[in-house]
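These numbers were taken from a predicted model, which means no experiment stands behind them. Computation of the quantities below employed the complete heavy-atom set of this structure, encompassing side-chain atoms and omitting hydrogens, waters and symmetry-equivalent molecules.
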Amino acid sequence: MPRNNIVAILLAIIVSIACYQQAQRSLYGRFVGEALDKIHQRALEDVPREQLFAAAVRAMTDELDEYSGFVPRQDAAKYREDLDQHFVGIGVELHVDPETSELRLGNTIIGRPHPAWDAGLRPGDRIVAIGGKDALQWTADDAARAIRGPAGVPVEITVRREGEAEPIHVTVVRSEIDVDSVLGDYRGDDKKWVYRLRSDPRIAYVRLRTFGDQTVGELRTVLTDLKRQGELNALIVDVRDNAGGYLKAAVEICDMFVDRGVIVTTRGRDGAIKDTYSAKAEGTFLGFPMVVLVNRESASASEIFAACLQDQDRAKLIGARSWGKGSVQEMISVEGGESILKLTTSSFWRPSEKNIHRLKDAEESHEWGVQPDEAFRIEATEESEKQRREARQAIDRFDPGKPTPEAAHTLDYDPALQRAVEYLKQQLDAANTARRAA
């Protein structure tokens, strides 16, 4: 058969296959569209098309793994804010007092700048009204929606404060706020985080809230400043309660502490390796002992970070077994960018190639998650973890007019952090002894 005929036949086959696949996609797309139209036109209850579309996509993702999902347009902005670390507001935490059911301010400094604090609001203030509307029966979500709005626009907030007989009326101008993802042990009088432990300033301490858009730059700045000041002698990185974030951020942060070897690999549905992320020597912080704190709420990017440093023998892991989320989600914009399809596209594996992902039927004896090192397991109950979080929140609240909680000095509220300090003190003392002997 002439060569030209063979080429023509092959091209015809390829085009036929492509057309068939396109027809199949168009067929099911047409079916979904037809179903939406019929329901919208004939159902007894009138449901908006947008709501029907969201329900259809959610139903499809329900057939996938537990981490795939659909984020509708009304929630998409908040979802992006958490990872982008940027929002428009006044910079406060809101909560309902469980004892009195009153809406109160938690921390009034949660990023930069500090509009709420600068306007005179303080932690513990009871919110009475927002924008002139009675807020006594509001939830924290109700208040957040009322406070949010365009940057540069003022919002009126009325509060009652302990020791004050009359309500306090405050005008706060909404600002674009960058949320800190790298926190220290406490805030100094200048409102800035202090990245050394109050109980032992020889030990640097950073908490990673998330692996977000700005986390890499924030952490590198902190470590560079500590090194320049001669204060990077021992380091604790706390990823407890950190549910993860961007894979890229986790890889780059691992790369700050290891100078060679595999950081993590990702695999597709067939189990074949898709990508291998390896460390490079440039820009690595070495020469000091490290501890990584983990707990059951440490997940995803936190587990990539902890597993890498453990497998590379760069840090001791202290705390409790991590969550066990070994999958990577892509955020795909749909509905013209208004909504988000969160789709699991690959799994990640630690350098040792041990499994991280906890399957639905996994038992405690199975291999999943990231385990603390031997002799560094700290068993924690729900009650003890609740007490630790409450104590930490009290320490984090910037209020120079009130005494520092005693827990900040004793570490009694946090056995895992206490154990980390004990270990690093031993390492520092041994290093000092070795230097004197030399």
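Aromatic pair Y205/Y195: ring centres not closer than 6.0 Å.
Remark: L136 CG to I127 CD1 distance equals 10.5 Å, nearest 0.5 Å.
Counting only N and O atoms by type, the side chains of E218 and Q85 include a donor and acceptor under 3.5 Å apart. With 3.5 Å as the limit, one finds a donor-acceptor pair spanning the side chains of S68 and T344. No hydrogens or angles considered: nothing links the side chains of S322 and S298 as a donor-acceptor pair under 3.5 Å. Between the side chains of S302 and N242, at least one donor-acceptor pair of N or O atoms lies under 3.5 Å. For the 3.5 Å distance criterion, the side chains of T224 and T221 fail to qualify, holding no donor opposite an acceptor.
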Run the numbers on I236 and L417 for side chain to side chain contact (heavy atoms under 4.5 Å, CB included), then give the verdict. CA-CA 9 Å; I236 299 171; L417 180 57; 3.7 Å; yes
Begin from the C-alpha positions of S327 and Q329 and carry the test side chain to side chain donor-acceptor pair (under 3.5 Å) through to its verdict. CA-CA 7 Å; S327 58; Q329 283 72 45; 3.0 Å; yes
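Between D399 and R397, none of the side-chain N atoms (NZ, or NE/NH1/NH2) sits under 4.0 Å from a carboxylate O, so this pair counts as no salt bridge. Taking the charged nitrogens against the carboxylate oxygens, E252 and K248 do have a contact shorter than 4.0 Å, which makes a salt bridge. Using a 4.0 Å cut-off between charged nitrogen and carboxylate oxygen, D75 and R80 do not count as a salt-bridge pair. Ion pairing between R126 and E162 fails under the 4.0 Å rule for side-chain N and carboxylate O. A salt bridge links D255 with K280: the closest approach of a Lys/Arg side-chain nitrogen to an acidic carboxylate oxygen falls below 4.0 angstrom. Taking the charged nitrogens against the carboxylate oxygens, D37 and R49 do have a contact shorter than 4.0 Å, which makes a salt bridge. Using a cutoff of 4.0 Å between basic side-chain nitrogens and carboxylate oxygens, D225 and R228 are scored as salt-bridged.
When atom types are taken as modelled, the side chain of R350 and the backbone of K354 share no donor-acceptor pair closer than 3.5 angstrom.
Proximity of V239 to V237: side-chain heavy atoms (C-beta onward) are separated by under 4.5 Å at one or more points. No side-chain heavy atom of K316 sits less than 4.5 Å from a side-chain heavy atom of M290.
A cation-pi geometry, defined here as NZ or CZ lying under 6.0 Å from the six-membered ring centre and within 45° of its normal, holds between R321 and W368. Figure legend: cation-pi geometry between K342 and Y67 absent, as NZ or CZ is not positioned both under 6.0 Å from the six-membered ring centre and within 45° of its axis.
Applying the salt bridge (charged side-chain N to carboxylate O under 4.0 Å, His left out) test between R296 and each of E379, E364, E303 identifies E364 as the sole match. Considering R392, R209, K386, R388 in turn, R388 is the only one that fulfils the salt bridge (charged side-chain N to carboxylate O under 4.0 Å, His left out) rule with D241.
Within a 6.0 Å sphere centred on NZ of K227, other residues, nucleotides and ligands contribute 12 heavy atoms or fewer.
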